[in-house]
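Heads up, the thing below is written out as structure tokens.
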Amino acid sequence: MGEARQVDVVVLGLGVGGEEVAGRLAAAGLNVVGVENNLVGGECPYWGCIPTKIMVRAGSALAEARRIPGLAGTATVEPDWAPVAKRIRDEATDDWNDKVAVDRFTGKGGHFVRGTGVITGPGRVRVGDEEYSASRGVVVATGTAAVIPPIDGLAGTPYWTNRDAVETATLPGSLLILGGGAIGTEFAQVFARFGVQVTIIEGSDRILAMEEPESSAVAAAVLAADGVTIKLGVHASAVAHSPEGFAVTLTDGSTVTGEKLLVATGRKARLGEIGLDPAERFLTTDERMRAGDKLWAVGDVTGNGAFTHMAMYEADIAVRDILGQGGPGADYRARPRVTFIDPEIGAVGLTEKQARDAGLDVRVGHVPLSATSRGFIHGPGNEGFIKVIADNATGVLVGATTAGPAGGEMIGALSVAVHAAVPIETLRSTIWAYPTFHRGIGSAIEALA
Ligand SMILES: Cc1cc2nc3c(=O)[nH]c(=O)nc-3n(C[C@H](O)[C@H](O)[C@H](O)COP(=O)(O)OP(=O)(O)OC[C@H]3O[C@@H](n4cnc5c(N)ncnc54)[C@H](O)[C@@H]3O)c2cc1C
Ligand SMILES: NC(=O)c1ccc[n+]([C@@H]2O[C@H](COP(=O)([O-])OP(=O)(O)OC[C@H]3O[C@@H](n4cnc5c(N)ncnc54)[C@H](O)[C@@H]3O)[C@@H](O)[C@H]2O)c1
């Protein structure tokens, strides 16, 4: 190994967050090395948000067509996975090729290195035989990988993670899904709508356990209506694989079988693999995304919310800090999230329980979507609700959930309300257009009790 190459910044991992940081710093004239061992762009465009939402779009089209009887006549629906797989392969991922993204980065003046980077000291990164010394520092943006639980017999079987589920060109007849979080529920509904027999195995007592209990109830009802079997409060104790597929023994003694098994039990940062403390679950950051001496971290690796918008948000803060531009630091009060099942479940800020656990003097407003004019007009597929959580002491909302056909869009207004601490009296006097789904926000505010 020769002399370390002197650069301004090394960005480790060029997924959503890293690509943004590296590209902006390079465009600003810094000497930036971007290191990526897989595809520039990361999980979101190749195996996450974009391909899975292409799947969701297709599943929703089938569901809408199946709602025609009673609304608009008759329809014969014959699902075909081929156009979905083709859109993902040809239009979304370029057959999992990142040439466009690499060119985008080098076009901004960045220096691209394909390889696995390891941090060897403050401001120092090794990639293979090459060592880089970054005068300003290193930005860690290495994301997360799927957690594979230590279940007897699971290792070594051809189980799926989200990557296999996204890449599949054909559908199995049946699918077991371990984990009923965002990944498990989104895939479950899509595959079920294409005729796959889906069983979710969820260890806690409800699916979407991080969200409001009302969200879990809506999700469970619509998934059941789509034909998904949900096993709650049970874990897998053993997995066996044969040419026929998977047999999973559950902690209640029963066995479930499926042609494929998708593991969707959460994500973990890979800190040990990049030379950091393997005992830490995530890389802790301050409000400037600083994680240590000459060290910044952005995106999933920080554990501040594994969402693309959070990676972009944190990337912006790190870039401004590195360039000395100032501006607001990280503020996680109004963190939004959307689970893209049908109905979409949008949420921002605290759940009711989180607000109460935080010791806040809480008031809650709730309105079922079917009780709103637009919900009534919509008819089939109008499952959902709007729930707002107010803090009496400050007179502002600290959290909200919007579940419904446009749940992911409705949450936008409430994200502004929580982020900007809009007084509840101002929300109460807001004119909400009729008959929109979001007009239900006004009703939920009125219902605050
Ligand atoms: C199935 C699924 C669906 C999702 N849907 C949504 C959604 O709808 N909306 C949403 O907001 N979020 C969604 N997400 C989450 C979103 O994909 C992530 O939050 C986002 O990709 C995080 O960006 P990141 O840059 O932190 O990490 P990543 O995108 O994971 O990028 C990290 C990069 O670092 C590289 N890397 C890791 N270690 C090294 C190393 N040592 N050296 C070099 N390179 C390395 C990796 O190869 C990777 O390219 C979804 C995730 C999954 C799995
Ligand atoms: N729409 C979106 O924005 C979107 C979509 C997918 C993923 N994501 C991101 O990816 C993250 C990871 O998603 P995820 O669904 O893998 O994780 P998750 O943490 O959301 O859900 C994992 C679920 O698996 C359960 N579980 C854990 N171990 C288990 C076991 N051994 N047996 C049975 N159940 C078990 C947990 O109780 C939990 O409900 C999400 O938290 C989210 O940040 C976002």
Side-chain angles (χ1 to χ4, degrees), residues 10-21 34-53 55-56 98 101 113-119 125-127 140-151 154 161-163 165-166 177-187 200-211 216 231-237 248 250-251 262-271 273-276 297-312 314-315 336-341 344-346 408:
V10 175
V11 179
L12 198 51
L14 294 183
V16 175
E19 190 187 356
E20 175 75 7
V21 170
V35 186
E36 170 57 52
N37 63 8
N38 201 333
L39 295 178
V40 174
E43 205 71 18
C44 178
Y46 295 106
W47 299 284
C49 334
I50 294 177
T52 61
K53 266 77 261 183
M55 293 176 165
V56 167
D98 66 352
V113 175
R114 182 91 65 190
T116 298
V118 178
I119 296 173
V125 170
R126 182 167 42 73
V127 188
V140 177
T142 45
T144 52
V147 168
I148 307 300
I151 299 167
L154 177 61
T161 66
N162 63 295
R163 294 192 168 193
V166 161
I177 301 181
L178 207 52
I183 295 181
T185 54
E186 288 181 359
F187 278 126
I200 293 178
I201 303 153
E202 167 56 53
S204 70
D205 60 0
R206 59 189 178 100
I207 56 173
L208 296 183
M210 303 298 281
E211 299 297 345
S216 304
K231 306 264 184 198
L232 294 175
V234 281
H235 286 82
S237 52
V248 176
L250 306 180
T251 41
L262 168 63
V263 179
T265 49
R267 315 277 303 176
K268 61 161 190 227
R270 297 156 283 197
L271 297 183
E273 292 171 32
I274 54 172
L276 299 176
V298 303
D300 282 12
V301 75
T302 67
N304 294 321
F307 301 99
T308 283
H309 44 269
M310 297 310 296
M312 300 293 287
E314 294 185 336
R337 54 214 183 262
V338 179
T339 304
F340 289 90
I341 58 167
E344 293 175 359
I345 304 202

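Both counts, for ligands and for their atoms, begin at 1 and track the order of listing.
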Can you tell which part of Asn162 has a heavy atom less than 4.0 Å from ligand 1: side chain, backbone, both or neither?
side chain
Keeping the roles fixed (side chain from Thr142, backbone from Gly13), state whether a donor-acceptor pair exists under 3.5 Å.
no
Hey, is ligand 1 close enough to Glu43 that some N/O pair sits below 3.5 Å?
yes
Select one of side chain, backbone, both or neither to describe which atoms of Leu39 lie under 4.0 Å from any atom of ligand 1, heavy atoms only.
backbone
Among protein heavy atoms, which sits nearest to atom 34 (O) of ligand 1, and what does the distance come to when rounded to 0.1 Å?
Gly13 CA, 3.3 Å
Output yes when a side-chain donor or acceptor of Thr52 lies under 3.5 Å from a complementary backbone atom of Gly48, and no otherwise.
yes
Could you check atom 38 (N) of ligand 1 against the protein and tell me its nearest heavy-atom contact, residue, atom and distance included?
Thr142 CG2, 3.4 Å
Within the 4.0 Å heavy-atom shell around Gly115, which atoms of ligand 1 are there?
42 (N), 43 (C)
Show the atoms of ligand 1 that are less than 4.0 angstrom away from any heavy atom in Gly299.
26 (O)
Any nitrogen or oxygen of Val298, main chain or side chain, under 3.5 Å from a nitrogen or oxygen of ligand 1?
no
Do any N/O atoms on Ile274 end up under 3.5 angstrom from N/O atoms on ligand 1?
no
Any idea which atoms of ligand 1 are less than 4.0 Å away from a heavy-atom of Arg270?
37 (C)
To the closest 0.5 Å, what do you measure between CZ (Arg337) and CD (Glu211)?
4.0 Å
Below 3.5 Å, N or O to N or O, backbone or side chain included: is there any such pair between Asp300 and ligand 1?
yes
For ligand 1, which atoms sit closer than 4.0 Å to a heavy atom of Phe340?
8 (O)
On a heavy-atom basis, I'd like to know which of Glu186, Lys53, Glu314, Met55 is closest to atom 8 (O) of ligand 1.
Lys53
Report the nearest protein non-hydrogen atom to atom 12 (N) of ligand 1: residue, atom name, distance rounded to 0.1 Å.
Thr308 N, 3.4 Å
Do any nitrogen or oxygen atoms of ligand 2 lie under 3.5 Å from a protein nitrogen or oxygen, and which ones?
from	atom 1	to	atom 2	distance (Å)
ligand 2	1 (N)	Glu186	OE2	2.8
ligand 2	1 (N)	Val338	O	2.6
ligand 2	3 (O)	Val338	O	3.4
ligand 2	15 (O)	Ala182	N	3.3
ligand 2	15 (O)	Ile183	N	3.0
ligand 2	16 (O)	Gly266	N	3.0
ligand 2	34 (N)	Gly203	N	3.0
ligand 2	37 (O)	Glu202	OE2	2.6
ligand 2	39 (O)	Glu202	OE1	2.7
ligand 2	39 (O)	Glu202	OE2	3.1
ligand 2	43 (O)	Ala306	O	2.7

Could you check whether any side-chain N or O of Arg267 sits under 3.5 Å from a backbone N or O of Thr144, counting only pairs where one atom can act as donor and the other as acceptor?
yes
What residues, two or more places apart in sequence or in another chain, satisfy salt bridge (Lys or Arg N to Asp or Glu O under 4.0 Å) together with Arg270?
none
For ligand 1, note which part of Arg267 has a heavy atom under 4.0 Å away: side chain, backbone, both or neither.
side chain
Mind checking whether Ile183 contacts ligand 1 via backbone (N, CA, C, O), side chain (CB onward), both or neither, at a 4.0 Å heavy-atom cut-off?
side chain
Result of checking Val118, Val301, Leu271 against Leu276 for side-chain contact (heavy atoms from CB on, under 4.5 Å):
Leu271
I need the nearest protein heavy-atom contact for atom 42 (N) of ligand 1: residue, atom name and distance, please.
Gly117 N, 3.0 Å
Sub-4.0 Å heavy-atom approach of Glu273 to ligand 1
no
Considering only the protein, which heavy-atom contact is closest to atom 15 (C) of ligand 1, and what is its distance?
Ala306 O, 3.5 Å
Can an N or O of Asn37 be found at a distance shorter than 3.5 Å from an N or O of ligand 1?
yes
Pull out every atom of ligand 1 sitting under 4.0 Å from any heavy atom of Thr116, numbered as shown with elements.
41 (N), 42 (N)
Can you name the atoms of ligand 1, numbered from 1 with element, that are less than 4.0 Å from a heavy atom of Cys44?
17 (O), 21 (O)
Starting from atom 32 (C) of ligand 1, find the nearest protein heavy-atom neighbour and note its residue, name and distance.
Ala141 O, 3.3 Å
Of the protein's non-hydrogen atoms, which lies at the shortest distance from atom 2 (C) of ligand 1, and what is that distance?
Gly48 CA, 3.5 Å
In chain order, what residues pass the side-chain hydrogen bond (donor to acceptor under 3.5 Å, both in side chains) check against Lys53, with sequence neighbours excluded?
Glu186
Which atoms of ligand 1 sit under 4.0 Å from any heavy atom of Gly143?
26 (O), 27 (O), 30 (O), 32 (C)
If I take atom CD1 from residue Ile119 and atom CG from residue Leu12, how far apart are they, to the nearest 0.5 angstrom?
5.5 Å
Could you list the residues that satisfy side-chain hydrogen bond (donor to acceptor under 3.5 Å, both in side chains) with Asp98, not counting sequence neighbours?
Arg114
Quick one: nearest non-hydrogen protein atom to atom 14 (N) of ligand 1, plus distance?
Cys49 SG, 3.8 Å
Non-hydrogen atoms of Ala145 versus ligand 1: any pair closer than 4.0 Å?
no
Mark up the atoms of ligand 1 that fall under 4.0 Å of a heavy atom belonging to Trp47, in ascending order.
1 (C)
Using heavy-atom distances, let me know which of Arg337, Glu36, Arg163, Glu19 sits nearest atom 49 (O) of ligand 1.
Glu36
Short N or O distance, Gly17 and ligand 1, threshold 3.5 Å exclusive
yes
